[in-house]
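Here's the structure we're looking at; comments come further down.
In the text below, chain A, chain B and the rest are named by the order of the sequence lines, each starting its count at 1.
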Protein chains: 2
Amino acid sequence: MNTAAFVPPCTPALRLVPDALDIEALSAHMTVQRRRIRAGKPVYRSGQPFRALFFVHAGFLRRSVAAADGRELVTGFPMRGELLGVESIGSAHYTADVIALEDCEVVELAYPAVLQACAALPVLQAALTQALAQELRRDQYWRLAVATLSANQRVAAFLQEVAASHRALGFSASHFVLRMSRSDIASFLALKHETVTRALSQLAAAGVITVERREIRIVCTERLAVCANGAELVQQAA
Amino acid sequence: MNTAAFVPPCTPALRLVPDALDIEALSAHMTVQRRRIRAGKPVYRSGQPFRALFFVHAGFLRRSVAAADGRELVTGFPMRGELLGVESIGSAHYTADVIALEDCEVVELAYPAVLQACAALPVLQAALTQALAQELRRDQYWRLAVATLSANQRVAAFLQEVAASHRALGFSASHFVLRMSRSDIASFLALKHETVTRALSQLAAAGVITVERREIRIVCTERLAVCANGAELVQQAA
DNA sequence: AACGGCGGGTAACAGTGTGTAACGACGCGG
DNA sequence: CCGCGTCGTTACACACTGTTACCCGCCGTT
């Protein structure tokens with residue numbers, strides 16, 4: 001029965017096309033506005049009227065959703081090249097919070113206007129639809145990860161993703177500084193922050209990475225990949 | 001600081017507008033094709049070339065994603081009024097499997113064609129974008145649920161969602177037959193099938209529902225809602 | 001310098017959910 | 001009618017992760 005011969009691809013949903021959005025071309029069809037966001041300040045908050053999307057030009061951010069009873073979940077860490085606010089399209093209000101983890105620069109795209117511009121610019125329409133679909137696939141990737149991986153594996157997978165993102169933006173993929181706290185990572189991975197700490201310590205003890213607070217160095221990419229899928233940690237001869 | 005005065009709305013992302021898609025109008029702009037899918041047969045499978053979206057006209061289905069190493073996750077149970085395949089937009093191949101849980105009827109919408117039709121029919125474009133965003137919000141709702149609710153709460157929340165869906169389609173919200181197996185539910189909720197069974201048994205023992213294999217009757221909607229958020233089960237006086 | 005707050009790390013303990021296993025119920029085909 | 005396989009149910013022991021607690025170090029402030 002199970003004759004799925006080739007790759008069933010639920011992949012990390014890499015963020016392709018960092019600069020897919022041609023702001024120049026766009027500005028001919030609608031007003032676009034640059035905005036600086038200070039570290040810790042929101043780009044938008046859940047409940048505010050939905051009026052615009054934001055294209056991230058620089059900086060790292062954190063997106064989270066919350067239920068009426070206070071339960072919260074960090075749903076992602078947007079960075080350069082991503083479109084903020086797509087999850088709120090079709091809603092009268094934003095359905096998530098996005099706050100800057102460091103000083104950021106975003107380009108504001110008023111919403112109904114974007115849709116109209118789409119009609120004139122088929123490229124834009126494709127880009128928007130793509131961004132939405134891409135986000136959907138990424139969500140499903142992490143749902144799968146959270147549902148099927150152990151705590152250690154999730155943390156390893158997270159580090160892999162961060163590394164891949166950094167590489168895509170031209171930063172070092174093997175040595176970087178996490179912009180988010182342990183609690184943010186924990187929420188994102190559906191763990192407690194102590195568990196994230198434990199997992200990082202164990203990965204370090206196994207010689208796969210080194211950790212110094214938020215500074216991560218990936219010592220062995222291959223073994224990290226092994227940890228992220230399937231295999232549990234095996235101490236390597238010191 | 002935390003002055004979020006009003007509802008931070010990560011809601012169950014109800015499937016609004018069961019018949020948002022005006023097939024009649026659409027058929028003027030592109031060829032649409034009705035297809036019947038027998039129970040157990042796929043609408044599409046992961047890895048097949050992505051060529052079309054499908055609008056569900058009747059029946060219940062199951063969507064799942066899989067990683068290269070065999071890990072799997074049921075990501076949803078589409079039904080009448082939903083658009084299948086949106087998660088694969090922008091990919092050369094489908095990224096999920098959708099199989100019919102019972103005999104279904106779907107309308108096939110060739111993909112590149114849909115985009116072109118969007119340019120001519122602004123309504124269609126809005127509907128497509130909405131469908132995508134809606135799906136994204138639903139995904140995030142369940143990510144939140146899985147990350148923050150106990151096994152019992154997840155199962156209760158699942159029953160609530162099923163009830164709400166049935167009501168939206170004009171079926172009874174308090175008495176229905178689950179189309180999917182315990183394992184499907186378990187995968188969807190990131191649990192094991194034994195745990196789902198246990199949770200259902202406990203809800204039944206508490207007098208909140210009755211269970212007879214796949215036949216569910218909701219005895220007390222209010223107490224089910226209480227179980228789905230916050231509170232753990234408390235036996236009610238028999 | 002002293003202080004307090006926040007983020008991070010570690011450890012002992014406890015509990016939820018899991019793995020395993022055995023059993024029962026139902027449906028299908030011979 | 002029987003046999004068999006799938007699905008669902010329940011019991012029990014255990015492991016992973018959550019819980020709780022306390023530690024440290026950093027940083028801004030007084």
Using atom [atom1] of [X] as one end and atom [atom2] of [N] as the other, report the distance to the nearest whole Å.
X       : N       : atom1 : atom2 : answer
H193(A) : dT10(C) : NE2   : C1'   : 12 Å
I185(B) : dC7(D)  : CD1   : P     : 13 Å
L189(A) : dT17(D) : CG    : P     : 12 Å
Q202(B) : dT9(D)  : CD    : P     : 13 Å
N152(A) : dC16(D) : CG    : P     : 10 Å
L191(A) : dG8(C)  : CG    : P     : 15 Å
M180(B) : dG8(D)  : CE    : P     : 11 Å
L203(A) : dG9(C)  : CG    : P     : 13 Å

* Asked: How many angstroms lie between atom CG of L159(A) and atom CG of L203(A), to the nearest 0.5 angstrom?
  ->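 Answer for the CG-CG pair, L159(A) versus L203(A), is 6.5 Å.
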Answer with base, sugar-phosphate or nothing: what part of the nucleic acid does [X] contact at a heavy-atom distance below 4.0 Å?
X       : result
R182(A) : sugar-phosphate
R214(B) : sugar-phosphate
L200(A) : nothing

* Report yes if the distance between the aromatic ring centroids of H166(A) and F60(A) is under 6.0 Å, otherwise no. =>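 Yes.
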* Asked: Do the non-hydrogen side-chain atoms of F54(B) and V98(B) ever get within less than 4.5 Å of each other?
  ->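 Of all side-chain heavy-atom pairs linking V98(B) with F54(B), none is under 4.5 Å.
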* Report yes if at least one side-chain N or O of T197(A) is closer than 4.0 Å to OP1 or OP2 of dT10(C); otherwise report no. =>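 So the side chain of T197(A) is outside the cut-off, no N or O lying under 4.0 Å from OP1 or OP2 of dT10(C).
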* Asked: Between S181(B) and dT6(D), does any side-chain N or O lie under 4.0 Å from OP1 or OP2?
  ->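 Negative; the distance criterion is not met.
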* Does the pair E105(A)/R34(A) count as a salt bridge with the N-to-O cut at 4.0 Å? ->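 Yes, E105(A) and R34(A) are salt-bridged.
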* Is E87(A) salt-bridged to R137(B), cutoff N-O under 4.0 Å? ->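 Here E87(A) does not pair with R137(B) in a salt bridge, since their nearest N and O are not under 4.0 Å apart.
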* Closest to side chain of E194(A), choosing from dG18(D), dA11(C), dT18(C) ->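 Closest of the options to the side chain of E194(A): dA11(C).
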* Asked: In terms of side-chain heavy atoms of R198(A), which of dG17(C), dT20(D), dA12(C) is nearest?
  ->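 That would be dA12(C).
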* Look at the side chain of R154(B) and the base of dG17(C), then say whether one donor and one acceptor between them are separated by less than 3.5 Å. =>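 Under the 3.5 Å cut-off, the side chain and the base do not form any donor-acceptor pair.
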